[in-house]
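As the structure is a prediction and not an experimental result, all values here were calculated from the model.
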Protein chains: 2
Amino acid sequence: MLSERQKKILRAVVDEYIVNAEPVGSRTVSKREDMGFSAATIRNEMADLEEMGFLEQPHTSAGRIPSQSGYRYYVDHLMVPERLKRSDLLAIRRLFTSQMDALEQTIQQTVSILSRITNYTSIMLGPELYDNKLKHLQVIPLNDRLAVAILVTDTGHVDQRQITVPEGVSLSSIEQTVNLLNTKLSGVPLYRLKRTVYKELFEELSRHVENYEYLLAMIDQMLASELESRVFTSGTTHILNQPEFKDVEKVKSLMELLEETETVTRLFTTRDTGVQIKIGYENHLEAVSHCSIVSASFLLDGRSLGTIGVLGPTRMDYQKVVSLLDVLTRDFSKHLRDLYK
Amino acid sequence: MLSERQKKILRAVVDEYIVNAEPVGSRTVSKREDMGFSAATIRNEMADLEEMGFLEQPHTSAGRIPSQSGYRYYVDHLMVPERLKRSDLLAIRRLFTSQMDALEQTIQQTVSILSRITNYTSIMLGPELYDNKLKHLQVIPLNDRLAVAILVTDTGHVDQRQITVPEGVSLSSIEQTVNLLNTKLSGVPLYRLKRTVYKELFEELSRHVENYEYLLAMIDQMLASELESRVFTSGTTHILNQPEFKDVEKVKSLMELLEETETVTRLFTTRDTGVQIKIGYENHLEAVSHCSIVSASFLLDGRSLGTIGVLGPTRMDYQKVVSLLDVLTRDFSKHLRDLYK
DNA sequence: CTTAGCACTCGAGTTATCGGAGTGCTAACA
DNA sequence: TGTTAGCACTCCGATAACTCGAGTGCTAAG
């Protein structure tokens with residue numbers, strides 16, 4: 001257990017280091033407002049804090065920097081979510097009150113504003129579609145062998161796929177069948193679509209079309225791409241401003257990581273509600289061992305629909321990011337509610 | 001006019017520098033196969049080549065590196081497009097002979113393979129849609145006030161947009177009108193769509209719907225987004241491997257540039273047919289003053305539909321990139337032809 | 001328990017040193 | 001006249017030596 005003074009000092013060190021990215025010395029700390037102890041006292045305490053593992057020294061006779069546990073303690077017990085700037089708050093509100101755009105556009109704007117305010121790379125996963133309900137299914141022929149299949153969900157998401165009709169199948173028969181599917185499947189959630197088709201429509205279908213397997217495969221494919229996670233990114237270049245990324249190698253490994261959808265999804269997905277913070281090695285990945293990821297889910301009816309988050313150096317402005325994400329997920333959840341109800 | 005020997009030497013210097021990224025000395029050149037002159041002779045010639053502006057010295061008593069004009073001369077007169085590796089050629093062929101995917105997917109794969117083979121960042125613009133013909137227009141209502149508008153072209157491109165129906169307009173009237181538009185406008189090229197609507201359908205429309213301006217505006221919006229240039233990128237991180245980008249600042253300015261669709265479009269667009277090479281300052285942009293851009297258009301019926309290109313350091317493997325782009329644009333053009341005819 | 005004082009440490013930044021690759025020039029040679 | 005060997009010279013880049021100062025830990029006094 002830390003004494004009040006130790007907390008105060010740890011807090012000061014982290015705050016200072018977040019701003020300046022340089023080891024913090026005892027003198028610097030002692031000079032802060034309402035600190036009220038001499039450098040020597042601070043030094044003793046700092047030595048203790050180091051022994052406890054909250055601070056570390058890059059080398060003897062340098063100041064201290066927070067260790068990973070130091071950040072963890074700070075994040076768990078010391079920091080106070082920052083009051084957002086009016087202008088930032090306004091910009092966010094405007095995002096969601098402006099005339100409703102297509103969802104994808106709103107998402108892109110959201111991610112973009114988040115990265116602009118924080119100056120970190122920001123990422124959004126989802127929103128997940130798999131309990132969206134089918135609204136409309138349609139095949140539009142382009143020529144004898146080519147057609148476009150379109151799927152619309154009740155939330156207005158559209159997926160399309162070009163299909164080549166194999167020899168021996170007529171486009172008209174496919175159209176016919178799709179029309180049937182369209183009326184029968186309307187309102188069925190996507191995740192149940194496949195099952196419904198197989199179980200309830202199998203018989204009927206085999207009466208209607210000579211080559212129904214083909215159709216089923218097509219629907220399968222569309223669903224697969226529909227349900228796979230979608231990643232939106234913004235502000236990738238911001239990390240280049242951080243002094244911890246003056247080394248090109250680090251930049252490279254991070255950039256490469258950001259291009260792997262799957263890894264990004266894994267890193268950012270959060271099970272809990274509320275803002276989640278993962279610091280350094282807590283991410284279990286070498287490339288982000290000097291990064292922190294702050295993320296939060298947005299909800300619809302208490303269900304997590306997707307995640308929005310920020311990637312930055314462990315020396316991150318947690319106070320700002322946390323309150324920002326808090327507001328953003330709230331507003332985005334509300335936006336989704338407005339949009340779909 | 002350069003003597004044969006000078007050409008041979010310039011060629012050797014460029015070739016060597018492209019591989020090693022280090023100033024090339026006279027000894028190195030003289031030791032190359034079928035050079036057959038002593039270092040001293042080479043030195044004299046190199047001094048001349050420098051005077052003519054084709055080579056430069058980073059400092060006295062270092063080897064020579066090609067100047068921008070050096071590269072220009074090399075590209076215009078010296079290089080011999082390289083025979084592609086069988087495996088690369090095969091990979092490309094497979095791209096286009098595999099079962100036809102949606103165009104967007106093929107594009108992404110094309111760009112991706114280009115960057116993988118070259119190890120440079122590669123980019124594709126287009127394909128332009130504006131002489132695509134309208135195939136299908138449809139509005140799918142989601143609820144009382146929200147709907148999705150879908151536009152399909154004869155090439156299978158799908159654009160969709162969520163629309164909010166304003167007070168005082170009924171969704172059914174909009175659907176009705178869109179049906180009318182759908183039959184009347186089918187087969188009209190996109191770039192003539194607007195004019196056609198205004199000129200030929202104005203009267204008819206105003207009879208059918210109380211609030212047709214709204215619809216027109218919607219179509220306008222869709223077209224706008226339809227016609228704006230589309231940029232596909234791959235292998236952004238490859239530039240990080242180039243020694244000329246060990247400095248983070250350069251990386252940053254380039255990355256930021258790559259995020260500006262408009263600039264990228266401007267840089268890569270080529271008027272001419274065939275492969276175009278722009279070296280360093282020929283791009284008229286500080287951020288790419290140490291880069292070369294090699295790009296080529298792909299054609300349908302002799303018309304340029306889009307561009308595919310590569311961004312790398314001026315010290316680029318032009319011989320490889322040029323022949324690669326040559327094959328790629330040919331094959332892609334052919335693919336488009338197959339797809340749409 | 002706190003703090004002033006002080007010797008000590010160590011890295012960052014600067015300057016000095018050194019080796020070697022590469023040049024330009026000269027003179028000899030074909 | 002063109003080519004080449006030889007050689008003195010240049011200059012970069014890597015390495016070592018040096019200095020400076022911020023910051024520490026320890027001690028002893030308040």
Side-chain angles (χ1 to χ4, degrees), chain A residues 1-10 12-17 19-32 34-67 70 243-244 246-247, chain B residues 1-10 12-17 19-67 70 243-244 246-248:
Chain A
M1 193 51 199
L2 297 188
S3 73
E4 280 311 308
R5 190 165 69 187
Q6 284 171 328
K7 287 185 190 173
K8 209 167 172 180
I9 291 171
L10 179 53
V13 173
V14 177
D15 280 341
E16 200 74 33
Y17 187 65
V19 176
N20 297 317
E22 266 164 29
V24 183
S26 53
R27 241 179 74 90
T28 320
V29 174
S30 84
K31 270 189 184 162
R32 281 173 65 105
D34 64 280
M35 184 52 69
F37 301 98
S38 77
T41 311
I42 309 280
R43 272 204 291 285
N44 285 325
E45 296 285 33
M46 274 163 80
D48 290 350
L49 283 167
E50 186 176 355
E51 210 163 291
M52 289 185 261
F54 294 122
L55 295 180
E56 47 195 40
Q57 268 180 309
H59 50 84
T60 351
S61 89
R64 296 324 201 278
I65 62 174
S67 70
E244 27 272 280
K246 64 183 191 315
D247 176 24
Chain B
M1 191 54 202
L2 296 188
S3 73
E4 281 310 309
R5 190 166 69 187
Q6 284 172 329
K7 286 183 189 172
K8 209 165 170 183
I9 292 171
L10 178 53
V13 173
V14 177
D15 280 342
E16 200 74 34
Y17 188 65
V19 176
N20 298 317
E22 266 166 28
V24 183
S26 54
R27 239 178 77 87
T28 320
V29 174
S30 85
K31 271 189 185 162
R32 280 173 67 104
E33 280 294 312
D34 63 283
M35 182 52 68
F37 300 97
S38 77
T41 311
I42 310 280
R43 272 204 290 283
N44 285 326
E45 296 286 33
M46 275 164 78
D48 290 350
L49 283 167
E50 184 174 358
E51 212 163 289
M52 291 186 259
F54 293 123
L55 294 180
E56 46 197 39
Q57 267 180 310
H59 51 83
T60 351
S61 89
R64 302 312 205 284
I65 62 174
S67 70
E244 26 272 279
K246 63 185 193 312
D247 177 23
V248 180

Counting only heavy atoms and a strict 4.0 angstrom limit, can you tell me which residues of residues 1-9 of chain B come near DNA chain C?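 None - not one residue of the stretch has a heavy atom sitting under 4.0 Å from the strand.
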Going by the salt bridge (charged side-chain N to carboxylate O under 4.0 Å, His left out) test, which pairs reach into residues 54-66 of chain A, not counting sequence neighbours? A:E50-A:R64
Can you confirm whether more than 12 heavy atoms, excluding those of A:E244, are under 6.0 Å from its CD atom?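 More than 12 heavy atoms, drawn from other residues, nucleotides or ligands, come within 6.0 Å of this atom.
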Counting neighbours of CZ on B:R32 that are heavy atoms of other residues, nucleotides or ligands and sit closer than 6.0 Å, is the number greater than 12?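 Enclosed.
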Just how far, in rounded Å, is P of C:dA4 from CD1 of A:I42? 12 Å
How many whole angstroms separate atom CD of B:E22 from atom C1' of D:dA14?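 Result: 14 Å.
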Please test B:L2 against B:F54 for side chain to side chain contact (heavy atoms under 4.5 Å, CB included), starting from the C-alpha separation and ending with a verdict. CA-CA 11 Å; B:L2 296 188; B:F54 293 123; 3.8 Å; yes
Before giving the answer on side chain to side chain contact (heavy atoms under 4.5 Å, CB included), spell out for A:L10 and A:E45 the whole-Å C-alpha distance, their side-chain angles and the decisive distance to 0.1 Å. CA-CA 9 Å; A:L10 179 53; A:E45 296 285 33; over 6 Å; no
If you compare all heavy atoms of A:M46 against all heavy atoms of A:G25, which two are closest, and at what distance to 0.1 Å?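 The pair with the smallest heavy-atom distance is CE-C, 4.3 Å.
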Of the non-hydrogen atoms in B:P23 and B:Y17, which two are nearest, and what is the gap between them?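 Where B:P23 meets B:Y17 most closely, the heavy atoms are N-CE1, 4.0 Å.
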Counting C-beta onward and ignoring hydrogens, is there a side-chain heavy-atom pair between B:N44 and B:D48 closer than 4.5 Å?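 No. Closest side-chain heavy atoms not under 4.5 Å.
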Reading nucleotides 9-30 of chain C from the 5' end, what letters show protein touch, with B for base, S for backbone sugar-phosphate only, - for no heavy atom under 4.0 Å? BBS----------BBB------
